[in-house]
Amino acid sequence: MQRYRYNNALRRALLVDIEAARELMVQIGLEEGFTSKGTLAISRFIDQLLNQLEKVTATE
């Protein structure tokens, strides 16, 4: 039961981080271009967060 609570809290935190990073990526994309270094760096970061989310979800 304790592991479920931890995974659930981690999952919710990851979803919040993913959404915040997505909003930032769009904002920077509109300002600098969608292929700028900044936009691509945030995209890679979002990919890492999504991979972590997948691992947490797979262990539930």
Side-chain angles (χ1 to χ4, degrees):
M1 185 67 159
Q2 187 69 14
R3 184 178 184 132
Y4 173 77
R5 286 185 189 160
Y6 171 77
N7 282 351
N8 196 30
L10 182 57
R11 183 179 175 278
R12 281 185 273 139
L14 284 167
L15 289 171
V16 168
D17 289 348
I18 290 166
E19 182 60 23
R22 186 192 67 79
E23 290 176 9
L24 180 61
M25 182 181 68
V26 170
Q27 179 184 353
I28 291 177
L30 290 171
E31 293 172 4
E32 298 178 5
F34 287 100
T35 58
S36 73
K37 288 182 181 183
T39 304
L40 295 177
I42 296 172
S43 177
R44 285 189 295 272
F45 178 66
I46 292 170
D47 288 343
Q48 292 173 353
L49 292 173
L50 288 169
N51 289 336
Q52 290 177 4
L53 179 62
E54 178 64 28
K55 287 179 185 178
V56 170
T57 303
T59 60
E60 289 182 353

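Placement of L24 and L15 within a single hydrophobic cluster is found when ILVMFWY residues are connected by side-chain heavy-atom separations under 4.5 Å, directly or transitively. No continuous path of ILVMFWY side-chain contacts below 4.5 Å connects I42 to F34, so the two sit in separate hydrophobic clusters.
Of the options L10, L14, D17, a side-chain contact (heavy atoms from CB on, under 4.5 Å) to L53 is made by L14 and by none of the others.
The side-chain contact (heavy atoms from CB on, under 4.5 Å) search around E19 returns R22, E23, not counting sequence neighbours. Residues forming a side-chain contact (heavy atoms from CB on, under 4.5 Å) with L40 (at least two apart in sequence, or on another chain): R44. E32 pairs by the salt bridge (charged side-chain N to carboxylate O under 4.0 Å, His left out) definition with nothing, not counting sequence neighbours.
Nearest heavy atom pair, residue I28 against residue S36, reads CG2-OG, 4.3 Å.
For the atom pair CG of N8 and OG1 of T57, the computed distance is 10.0 Å after rounding to the nearest 0.5 Å.
With hydrogens and angles ignored, the 3.5 Å screen pairs no side-chain donor or acceptor of S43 with any backbone N or O of M25.
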